[in-house]
Amino acid sequence: MSNDNLTIETHDRISAIDAEDWDRCACPEARDGGRPRDPFTTHRFLAALEDSGSVGAGTGWQPLYLSVKSEGKIIACAPMYAKSHSQGEYIFDHAFADAYMRAGGRYYPKLQIAVPFTPATGRRLLVAPEAEGVGDRALITGALSVMEDHHLSSLHITFCTKDEVAAHADATLLPRKTQQFHWHNQGYQSFDDFLAALSSRKRKNIRKERAEAQNFGGEIVLLTGDQIEPHHWDAFWEFYQDTGARKWGQPYLTRRFFDIAHETLRDDMLLALAMRAGQPVAGALNFIGRETLYGRYWGCVEDHPCLHFELCYYQAIDWAIAQGLSRVEAGAQGGHKLARGYLPVETYSLHAMREPSFSRAVAEYLKAEARAMEEEIEILTSYGPFRKTAAEEQE
């Protein structure tokens with residue numbers, strides 16, 4: 001397939017792109033009826049964000065979805081947004097914005113190819129299998145053209161894959177390394193198998209935390225698909241508002257998002273609820289990928305020791321092992337995850353700055369940041385909870 005006769009367009013609503021066409025690029029592996037590798041780039045997830053008013057007018061996330069057509073057929077697409085702030089991104093560019101504006105520039109609006117509010121790695125340049133190479137280059141050409149034509153400060157492709165960085169990083173698209181904590185399944189058949197891989201001290205601590213969490217006075221239930229009922233979202237909305245108010249000032253998702261998600265996404269979701277006297281008192285929401293369980297939101301109306309660790313981390317590990325998933329991604333930040341079996345891994349992004357002198361300055365900053373990030377990951381990994389020597393078991 002050549003670059004000839006390609007048509008690149010932007011769309012202000014995802015409904016302008018047929019769901020089958022979008023998903024043929026976003027998750028071709030799911031055409032057999034299986035799960036998508038990444039539930040967050042599916043048409044249904046992005047539509048739920050938009051239709052619920054979580055993105056769009058007044059949110060600072062204005063949709064500008066990209067599509068590439070060859071002979072009238074969509075061969076590639078990307079979730080792109082015009083951003084009027086830097087919230088809800090998790091690979092943050094506040095330092096870039098501050099420096100740019102102090103130099104007299106106008107940093108916002110900028111362009112972002114990302115899944116809003118979702119710090120989960122996945123393909124951002126969504127290309128049908130037969131168009132690999134051609135489709136992704138066309139998407140980048142289109143995004144950079146929008147940046148130039150509208151005199152925008154920058155383009156950011158966040159939580160993209162390592163392969164996308166390897167294929168497209170250059171003097172224009174600058175690579176950036178950040179880090180998260182992920183749990184990896186080393187062929188465990190049970191949670192006890194996982195514990196057996198830990199040092200004695202860490203193993204005892206996790207068992208103690210799990211026992212303490214179970215003393216909250218109720219039971220923990222895991223719900224997915226049709227097991228989730230509409231009233232569960234009333235409780236979870238209360239949890240989500242409390243966490244959002246403490247972390248971000250206000251929640252990113254609207255209440256309507258959860259109603260839409262119940263209709264279109266509940267097969268993609270795993271809801272862990274702590275029930276006491278028949279009422280949910282805490283909960284964690286996960287999304288289910290083909291190989292990965294993605295921890296996304298947590299909240300509570302009652303504080304109980306270690307219940308957060310149990311619902312967000314240990315129940316997720318238990319479920320992933322039972323389902324044969326290869327990893328759990330527990331979201332952004334959180335050094336406390338290290339002691340619970342979640343090790344640091346690199347995450348990636350690409351950044352283009354329209355102003356050449358600013359681009360050169362950012363490039364130097366990112367090189368230094370990458371070196372520091374690599375050292376930090378190496379140090380953190382050395383402090384991980386896994387057994388290192390037989391002598392350690394004799395502590």
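None of these values were measured; they are calculated from a predicted model. Quick note: residue numbers are just sequence positions, from 1.
- Note that the CG atom of Leu174 and the OG atom of Ser359 stand 4.5 Å from one another [nearest 0.5 Å].
- No side-chain donor from either of Trp319 and Gln315 sits under 3.5 Å from a side-chain acceptor of the other.
- In terms of modelled atom types and a separation under 3.5 Å, the side chain of Ser190 and the main chain of Asp193 share a donor-acceptor contact.
- Of all the heavy atoms in Phe257 and Ser54, the pair that sits closest is CB-OG, 3.9 Å.
- The backbone N or O of Ala372 sits nowhere less than 3.5 Å from a side-chain atom of Glu375 that would complete a donor-acceptor pair.
- Taking His182 as the reference, Gln180 meet the side-chain hydrogen bond (donor to acceptor under 3.5 Å, both in side chains) condition, with sequence neighbours excluded.
- Of the possible donor and acceptor atoms, one in the side chain of His85 sits under 3.5 Å from a partner among the backbone N and O of Thr59.
- Following chains of ILVMFWY side-chain contacts shorter than 4.5 Å, one cannot reach Ile157 starting from Val362, and the two form parts of different hydrophobic clusters.
- Aromatic ring centres of His43 and Tyr65: separated by at least 6.0 Å.
- Listed by first and then second residue, the side chain to side chain donor-acceptor pair (under 3.5 Å) pairs involving residues 279-292 are Thr292-Arg327 (not counting sequence neighbours).
- Residues Met353 and Leu173 fall into different hydrophobic clusters, defined by Ile, Leu, Val, Met, Phe, Trp and Tyr side chains chained together at heavy-atom separations under 4.5 Å.
- Put simply, the side chain of Arg137 gets close to the backbone of Gly133: a donor and an acceptor are under 3.5 Å apart.
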(Q) Working note: Ile377 + Leu343, criterion side chain to side chain contact (heavy atoms under 4.5 Å, CB included); need CA distance, chi angles, decisive distance, verdict. (A) CA-CA 9 Å; Ile377 288 174; Leu343 295 180; over 6 Å; no
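- Of the charged side-chain nitrogens involved, none lies within less than 4.0 Å of a carboxylate oxygen, so that Asp136 and Arg124 do not count as a salt-bridged pair.
- For the ring pair (Phe, Tyr, Trp, His ring centres under 6.0 Å) test, residues two or more places apart in sequence or in another chain that qualify with Phe358 are Tyr100.
- Taking 4.5 Å as the limit, some side-chain heavy atom of Leu380 sits within range of a side-chain heavy atom of Phe181.
- The side-chain hydrogen bond (donor to acceptor under 3.5 Å, both in side chains) test applied to Asp23 returns no partner, not counting sequence neighbours.
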Q: Would you check, one step at a time, whether the test side chain to side chain contact (heavy atoms under 4.5 Å, CB included) holds for Tyr188 with Ile317?
A: CA-CA 10 Å; Tyr188 305 125; Ile317 290 173; over 6 Å; no
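- Annotation: side chain of Asp268 is not in contact with side chain of Tyr294 (no heavy-atom distance under 4.5 Å).
- Under the 4.5 Å side-chain criterion, counting only non-hydrogen atoms from C-beta, Asp163 is not in contact with Arg123.
- Under the side-chain hydrogen bond (donor to acceptor under 3.5 Å, both in side chains) criterion, Thr118 pairs with no residue at all, not counting sequence neighbours.
- Between the Ser67 side chain and the Cys77 main chain, no donor and acceptor come within less than 3.5 Å of each other.
- Between Leu273 and Gly283 the shortest heavy-atom distance is CD2-CA, 4.0 Å.
- At a threshold of 4.5 Å between side-chain heavy atoms, the hydrophobic network of Ile, Leu, Val, Met, Phe, Trp and Tyr places Tyr383 and Ile206 in one connected group.
- Proximity of the aromatic rings of Phe159 and Tyr90 is defined here by a centroid distance below 6.0 angstrom, and this criterion is not met.
- A 4.5 Å side-chain heavy-atom check between Ile288 and Gln323 finds every atom pair outside the cut-off.
- The two residues Pro385 and Leu338 come nearest to each other via the heavy atoms CD-O, 3.2 Å.
- Salt-bridge formation is detected for the pair Asp234/Arg255: a Lys NZ or Arg NE/NH1/NH2 atom is positioned less than 4.0 Å from an Asp or Glu carboxylate oxygen.
- When side chains are defined from C-beta on, Tyr297 does not count as touching Phe239, because their heavy atoms never get closer than 4.5 Å.
- Note: Phe236 and Tyr240 have parallel aromatic rings, judged against thresholds of 30 and 60 degrees for the angle between ring planes.
- Considering all non-hydrogen atoms of both residues, Ile74 and Cys25 come closest at CG2-SG, 4.0 Å.
- Listed here is the closest heavy atom pair of Thr41 and Leu46: O-CD1, 3.9 Å.
- Annotation: ring pair (Phe, Tyr, Trp, His ring centres under 6.0 Å) contacts of Tyr365 (sequence neighbours excluded): Phe96.
- With hydrogens and angles disregarded, a donor-acceptor distance shorter than 3.5 Å links the side chain of Ser153 to the backbone of Tyr107.
- The backbone N or O of Arg37 sits less than 3.5 Å from a side-chain atom of Glu29, completing a donor-acceptor pair.
- Trp183 places no side-chain N or O within 3.5 Å of a backbone atom of Lys337 that could act as its donor or acceptor partner.
- Every pair passing salt bridge (charged side-chain N to carboxylate O under 4.0 Å, His left out) that includes a residue from residues 174-188 is listed here, sequence neighbours excluded: Arg176-Glu369, Lys177-Glu346, Lys177-Glu374.
- Two residues are said to be in side-chain contact when any heavy atoms from C-beta on lie closer than 4.5 Å; Pro63 and Ile14 fail this criterion.
- Identified under the salt bridge (charged side-chain N to carboxylate O under 4.0 Å, His left out) test for residues 138-153, with sequence neighbours left out: none.
- Take Tyr348 and apply the ring pair (Phe, Tyr, Trp, His ring centres under 6.0 Å) test, not counting sequence neighbours, and it matches no residue.
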Q: Check the pair Glu329, Tyr342 against side chain to side chain contact (heavy atoms under 4.5 Å, CB included), reporting the backbone distance first and the verdict last.
A: CA-CA 8 Å; Glu329 295 189 17; Tyr342 292 73; over 6 Å; no
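- The salt bridge (charged side-chain N to carboxylate O under 4.0 Å, His left out) contacts involving residues 353-365 comprise Glu364-Lys367, where partners must be two or more places apart or lie in separate chains.
- Taking 4.5 Å as the limit, some side-chain heavy atom of Leu126 sits within range of a side-chain heavy atom of Pro79.
- Hydrophobic cluster membership differs between Leu155 and Tyr108, with clusters built from Ile, Leu, Val, Met, Phe, Trp and Tyr side chains linked at under 4.5 angstrom.
- Within the 4.5 Å cutoff, the side chain of Tyr81 has no heavy atoms near those of the Gln62 side chain.
- When atom types are taken as modelled, the side chain of Arg35 and the backbone of Asp267 share a donor-acceptor pair closer than 3.5 angstrom.
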Q: Decide yes or no on salt bridge (charged side-chain N to carboxylate O under 4.0 Å, His left out) for Asp192 and Arg203, but give the supporting numbers first.
A: CA-CA 9 Å; Asp192 282 340; Arg203 184 165 60 244; over 6 Å; no
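- For residues 116-156, the set of pairs meeting the ring-ring contact (aromatic ring centres under 6.0 Å, His included) definition, not counting sequence neighbours, comprises Trp61-Phe117, Phe117-Tyr252, His156-His351.
- Looking at Lys110 and Ser86, their side chains do bring a donor and an acceptor atom within 3.5 Å of each other.
- Screening residues 216-232 for salt bridge (charged side-chain N to carboxylate O under 4.0 Å, His left out) gives Asp226-Arg266 as the qualifying pairs, with residues at least two apart or on separate chains.
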Q: List the steps and the verdict of side chain to side chain contact (heavy atoms under 4.5 Å, CB included) for Val165 and Leu350.
A: CA-CA 7 Å; Val165 170; Leu350 290 164; 4.1 Å; yes
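- Linking ILVMFWY residues whenever their side-chain heavy atoms come closer than 4.5 Å, directly or via other members, leaves Leu325 and Val345 in distinct clusters.
- Between Ala235 and Pro280, the shortest heavy-atom distance links the atoms CB-CG, 3.7 Å.
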